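To keep things clear, I will list the structure first and then write my remarks on it.
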Amino acid sequence: MEKKSMSSSPDVEVRKGPWTMEEDLILINYIANHGEGVWNSLARSAGLKRTGKSCRLRWLNYLRPDVRRGNITPEEQLLIMELHAKWGNRWSKIAKHLPGRTDNEIKNYWRTRIQKHIKQAENFSGQTSSGHTDQATTSSTQTCNAVNPMETYSPPYDNFQNFSGPFPTETNENMWSMEDLWSMQLLNSD
DNA sequence: AAGAATATCAACCGCAACCGG
DNA sequence: GCCGGTTGCGGTTGATATTCT
């Protein structure tokens with residue numbers, strides 16, 4: 001069952017699963033003082049029992065100071081849909097056009113929110129050819145008065161007009177905020 | 001109120017591309 | 001050109017949260 005770690009000595013135990021606050025702080029602190037580098041050696045030098053890959057992922061998707069969390073705006077959603085229509089599942093490419101957003105976040109958002117509604121729309125169109133939209137599947141989420149990208153955007157997804165995005169308001173209240181972590185890091189460094 | 005079903009998202013995995021020796 | 005190490009990407013999984021019955 002022992003999984004070989006990427007190039008580090010095999011006898012070193014490797015932690016998996018959710019990151020702890022301590023691990024986050026170690027990683028933030030280390031990168032603040034030494035900068036990013038070769039992730040495998042960074043993980044070792046920092047004393048983290050994680051693979052370099054895991055550290056990189058954690059940093060890029062969560063700990064970076066410029067990462068934006070929650071609140072995918074209607075504008076961002078529109079952009080995601082446009083770029084996805086253009087490029088398909090090129091999440092990292094799409095993410096480059098959404099400052100502060102990560103490919104993982106966009107991918108998750110697409111799969112959980114948008115793709116679901118596409119499927120629903122497809123199912124609906126399979127049942128009836130009427131243009132009269134069935135709001136039953138989406139009306140429960142229609143609580144946002146913000147401009148709905150669907151009203152202005154006609155992507156290749158023909159039946160997508162039914163979708164009214166959930167447009168989360170204030171979400172992602174993590175156990176500790178990034179501001180907290182960074183302020184702790186500032187206290188730690190030096 | 002409790003259990004089941006569903007949604008969400010962080011993290012892992014495998015693979016391919018890249019790079020330096 | 002080959003090889004081993006590293007990075008980046010996209011798909012998938014699993015834990016947790018939320019909603020439904």
Side-chain angles (χ1 to χ4, degrees), chain A residues 1-10 12-28 30-31 34-46 48-73 76-77 80-81 83-121 123 136-144 162-178 180-181:
Chain A
M1 286 302 176
E2 209 65 283
K3 187 164 173 43
K4 202 173 90 177
S5 64
M6 299 183 358
S7 85
S8 52
S9 47
V12 176
E13 67 166 307
V14 177
R15 263 186 58 81
K16 283 199 206 173
W19 279 64
T20 64
M21 187 180 182
E22 286 75 20
E23 288 176 311
D24 281 346
L25 281 170
I26 290 170
L27 185 56
I28 289 172
Y30 189 89
I31 291 177
H34 301 90
E36 297 177 36
V38 179
W39 288 104
N40 278 334
S41 51
L42 184 154
R44 254 178 280 126
S45 305
L48 288 163
K49 294 179 171 57
R50 296 276 182 172
T51 63
K53 219 171 174 177
S54 180
C55 293
R56 173 184 165 273
L57 198 70
R58 183 65 176 170
W59 175 253
L60 292 179
N61 285 339
Y62 196 82
L63 297 176
R64 264 189 319 163
D66 58 327
V67 71
R68 286 178 64 193
R69 307 197 57 73
N71 265 350
I72 296 272
T73 66
E76 286 175 317
Q77 186 185 11
I80 290 170
M81 290 189 299
L83 296 179
H84 186 272
K86 204 193 294 185
W87 295 324
N89 296 358
R90 303 284 158 210
W91 305 117
S92 63
K93 200 171 176 181
I94 293 171
K96 287 191 175 83
H97 289 74
L98 289 132
R101 300 295 184 187
T102 68
D103 54 350
N104 208 32
E105 188 178 13
I106 293 170
K107 179 171 60 183
N108 278 332
Y109 183 77
W110 179 268
R111 288 182 59 83
T112 59
R113 320 269 178 108
I114 300 180
Q115 199 172 53
K116 180 180 67 183
H117 287 275
I118 293 174
K119 284 217 173 93
Q120 284 175 350
N123 287 341
T137 56
T138 55
S139 59
S140 64
T141 61
Q142 194 152 19
T143 57
C144 178
N162 289 339
F163 173 61
S164 61
F167 306 144
T169 53
E170 202 63 37
T171 60
N172 281 341
E173 291 160 23
N174 295 303
M175 286 174 67
W176 53 86
S177 69
M178 282 302 100
D180 292 340
L181 278 175

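All figures in this text were calculated on a predicted structure; none of them were measured in a lab.
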Find the distance [X]:[atom1] to [N]:[atom2] and express it as a whole number of Å.
X         : N       : atom1 : atom2 : value
Asp103(A) : dT7(C)  : CG    : P     : 16 Å
Lys16(A)  : dA15(C) : NZ    : C1'   : 15 Å
Leu57(A)  : dG11(C) : CG    : P     : 15 Å
Lys53(A)  : dG14(B) : NZ    : P     : 8 Å
Glu105(A) : dA11(B) : CD    : C1'   : 14 Å
Arg44(A)  : dT6(C)  : CZ    : C1'   : 12 Å
Ile80(A)  : dG10(C) : CD1   : P     : 14 Å
Arg90(A)  : dC9(C)  : CZ    : C1'   : 9 Å

Quiz question: going by heavy-atom distance under 3.5 Å, is there a donor-acceptor pair between the base of dA10(B) and the side chain of Asn108(A)?
yes
Within the structure, does a side-chain N or O atom of [X] lie under 4.0 Å from either OP1 or OP2 of [N]?
X         : N       : result
Asn104(A) : dA10(B) : no
Arg111(A) : dG10(C) : no
Lys107(A) : dT13(C) : no
Thr112(A) : dA7(B)  : no
Arg58(A)  : dA10(B) : no
Arg113(A) : dT8(B)  : yes
Trp39(A)  : dG5(C)  : no
Thr51(A)  : dC12(B) : no

Start at the 5' end of DNA chain C and walk down; is the nucleotide closest to Pro18(A) or to Trp91(A) reached first?
Trp91(A)
For a quick check of understanding: with a heavy-atom distance under 4.0 Å over all strands, which category does Asn89(A) fall into, base, sugar-phosphate or nothing?
sugar-phosphate
NA contact type, Gly88(A), heavy-atom cut-off 4.0 Å: base, sugar-phosphate, or nothing?
nothing
For the side chain of Ser92(A), starting at C-beta, report the closest nucleotide among dC9(B), dC12(B), dG10(C).
dG10(C)
Taking every non-hydrogen atom, the tightest pair across His97(A) and Leu83(A):
CB-CD1, 3.5 Å
Quick one: closest heavy-atom pair of Asn61(A) and Val67(A), and the distance?
O-CG2, 4.0 Å
Test your reading of the model: is there a side-chain donor-acceptor pair from Asp103(A) to the backbone of Ala95(A), 3.5 Å cut-off?
no
Side-chain touch Trp19(A)/Arg50(A), heavy atoms, less than 4.5 angstrom
yes
Just wondering, do Leu48(A) and Leu27(A) contact through their side chains at under 4.5 Å, heavy atoms?
yes
N-O pairing of Glu23(A) and Arg15(A) below 4.0 Å
yes
